[in-house]
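Working notes, beginning with the structure itself.
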Amino acid sequence: MTAFTVALVLVVAAAGLLRWRRPAWYWLAFGVTLAALRVLVRYRSVMDACGLTVPPARWRLSLARATNRPIPEPRPPRIRRLRPTRTGLVLRLKLRPGQDVFDIAAASDRLRHSFSMFGVTSREVRSGVVEVRMTGYDVLKRVQMPAETETRAMRVPVALREDGSVHYRDYRAIPHALTLGATESGKSVYQRNLVASLAPLDVALVGIDCKQGVELFPLARRFSALADSPDTAAELLDALVARMADVYRLIRTQQRITVDVPDAEIAADIWDLPDELRPTPVVVLVDEVAELALYATKEEERRRDRIITALVRLAQLGRAAGIYLEICGQRFGSELGKGITMLRAQLTGRTAHRLNDETSANMAFGDIAPDAVLAAIQIPAELRGLAIAGDASGGWHRVRAPHTSLRQAVNLCNRYADMTPDLPELAPFRPTIGTATELVPSVKASPATA
């Protein structure tokens, strides 16, 4: 008996230590079994208390009266599947007649408390079937991406969602995106994860970093073109517009619109072309869009209009030509001048880290998910990397990218440097890797040392 007591104490102590230091290990070792039993035992009473039951059918009531049996109890949604995951439980429910998916969504917070879970989210799988994802611990506190992710052409994992699923950046589904974040909000880490995920793919990376290249030039070995000033950026964007026109001419000559060709083989974008003719897709990363929109003189104003016009053209027409935009910035508002709201309308994907003002949050989500605006401005400063991600469908999620140091991103870009495509129209903007002494700026000697 003493040995059993000692062993029990050790197991309880080990479970408590794991829950404190390694919540993922605790969940896989102990939590998932306890949570599954808790959900199955409490399910009917919890659903009844949350108002997620429907009265029994009339024929059941009539049959009970005719046979002098007890009145049937209200019926909750039927459990079709209970699946454990590395972060929680996935519950698939079949709704009863008269129930709606919004009923489950409205009761998610009550379900979280009743089942003693960390978070509960729901989504409609198809008509009458709802998937409820429950997380057993805070998966965004220490982000650990799954070992295996569903990576395919132009679709890369960049962050982890609050429900434990992976947040992907799918360029073919969402061609252009806007990423906002104040200083020290984690926006640069998100951008590094994006570049590191794109590095192994057959894609050309083009960067515009008007902070003299301090963010993107360390990753230069994997970039086909880089611009570190607004003047160079204007010329680079003009070259991309010219490439877009050339790609459209190629698609036009290869459309194969003849009587004997099935409709499915008619080319309308680069992905319909044969592999040997398909141009390399291009991802354009703009590190600070406000630097491209600000001006102080008439000459700078003309340059600014030229840049914004080129960006709007690429956003409106670049998808079919395989040119995708990633616009990043600390501030994004209508005061940046004409054309900014037109550019925003073409940026389907929206990601907002911690923001200092409500105006930027409204520019990010005000037109697609107004309830995400409050969530974006309430991100605490100590949770760097936490962001709100949404798209034009109106849905949004809390996401957090795993911490990737600049050295890790540089190592990945150097490893895949041989995959950097040479695009003739962007050759003048190909970055050159200089020595350390060439990169160190001159410093004027102080009077004390002169």
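Just so we're clear, the structure is a prediction, and the values are computed from it rather than from any experiment.
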Query raised in the report: Is there a side-chain hydrogen bond (donor to acceptor under 3.5 Å, both in side chains) between Q191 and T179 once you walk through the steps?
Result: CA-CA 9 Å; Q191 191 178 57; T179 302; over 6 Å; no
Separation of [Y] [atom2] from [X] [atom1] (nearest 0.5 Å):
{"X": "L194", "Y": "T404", "atom1": "CG", "atom2": "OG1", "result": "11.0 Å"}
{"X": "L201", "Y": "R155", "atom1": "CG", "atom2": "CZ", "result": "12.5 Å"}
{"X": "I379", "Y": "R354", "atom1": "CD1", "atom2": "CZ", "result": "8.5 Å"}
{"X": "L140", "Y": "Y137", "atom1": "CG", "atom2": "OH", "result": "10.0 Å"}
{"X": "I327", "Y": "L178", "atom1": "CD1", "atom2": "CG", "result": "7.5 Å"}
{"X": "E301", "Y": "L294", "atom1": "CD", "atom2": "CG", "result": "12.0 Å"}

Flag the pair [X] and [Y] as a salt bridge only when some basic side-chain nitrogen lies within less than 4.0 angstrom of an acidic carboxylate oxygen.
{"X": "K211", "Y": "E291", "value": "no"}
{"X": "R112", "Y": "D109", "value": "yes"}
{"X": "R169", "Y": "E326", "value": "yes"}

Query raised in the report: Under 3.5 Å, is there a donor-acceptor pair linking the side chains of D231 and S229?
Result: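 No.
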Look only at the side chain of [X] and the backbone of [Y], and say whether a donor-acceptor pair between them is shorter than 3.5 Å.
{"X": "D228", "Y": "D209", "value": "no"}
{"X": "S114", "Y": "L111", "value": "no"}
{"X": "R400", "Y": "R384", "value": "yes"}
{"X": "H176", "Y": "Q346", "value": "no"}
{"X": "N193", "Y": "P402", "value": "yes"}
{"X": "R350", "Y": "L347", "value": "yes"}
{"X": "Q99", "Y": "L95", "value": "no"}

Requested in this report: Identify the two heavy atoms, one from F365 and one from G390, that lie closest to each other, and give their separation to 0.1 Å.
Outcome: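 Looking at all heavy atoms of both residues, the shortest contact is CE2-N, 4.0 Å.
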Report task. Please assess R302 against D305 for the test salt bridge (charged side-chain N to carboxylate O under 4.0 Å, His left out), listing each intermediate value before the final yes or no. Result -> CA-CA 5 Å; R302 288 192 294 270; D305 293 341; over 6 Å; no
**Report entry** Heavy atoms of other groups near M419 CE, more than 12 under 6.0 Å
**Finding:**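 Counting other residues, nucleotides and ligands, CE of M419 exceeds 12 neighbours.
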**Report entry** Flag if over 12 foreign heavy atoms under 6.0 Å of OH, Y295
**Finding:**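 No, not enclosed.
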Report task. Mind checking ring-ring contact (aromatic ring centres under 6.0 Å, His included) for F223 and listing every partner two or more places apart, or none if nothing turns up? Result ->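 If we apply the ring-ring contact (aromatic ring centres under 6.0 Å, His included) test to F223, skipping adjacent residues, there are no hits.
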Requested in this report: Quick one: list whatever passes ring-ring contact (aromatic ring centres under 6.0 Å, His included) with Y324, sequence neighbours left out.
Outcome: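 So Y324 forms a ring-ring contact (aromatic ring centres under 6.0 Å, His included) with Y171.
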Is there side-chain contact between [X] and [Y], with at least one heavy-atom pair below 4.5 Å?
{"X": "I270", "Y": "I251", "answer": "yes"}
{"X": "L314", "Y": "L325", "answer": "yes"}
{"X": "N362", "Y": "E358", "answer": "yes"}
{"X": "H167", "Y": "V158", "answer": "yes"}
{"X": "D103", "Y": "L52", "answer": "yes"}

Report task. Using side-chain contact (heavy atoms from CB on, under 4.5 Å) as the criterion, list what pairs up with D269, not counting sequence neighbours. Result ->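 So D269 forms a side-chain contact (heavy atoms from CB on, under 4.5 Å) with W271, D272, R319, A320.
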Query - Contacts of P200 that satisfy side-chain contact (heavy atoms from CB on, under 4.5 Å) - sequence neighbours left out - result: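 For P200, the residues satisfying side-chain contact (heavy atoms from CB on, under 4.5 Å) (neighbours in sequence not counted) are Y416.
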Query raised in the report: Relative to each other, are the rings of H353 and Y190 parallel, tilted or perpendicular (30° and 60° limits)?
Result: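 Because their plane-to-plane angle is over 60°, the rings of H353 and Y190 count as perpendicular.
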Query raised in the report: What pairs of residues pass the side chain to side chain donor-acceptor pair (under 3.5 Å) test when at least one of them lies in residues 78-95, not counting sequence neighbours?
Result: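 As it turns out, the side chain to side chain donor-acceptor pair (under 3.5 Å) pairs with a partner in residues 78-95, which skip direct neighbours, are R92-E131.
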Report task. Could you name each residue pair satisfying side chain to side chain donor-acceptor pair (under 3.5 Å) that touches residues 235-244, not counting sequence neighbours? Result ->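 Every side chain to side chain donor-acceptor pair (under 3.5 Å) pair that includes a residue of residues 235-244, provided the two are not neighbours, is D238-R306, R243-E425.
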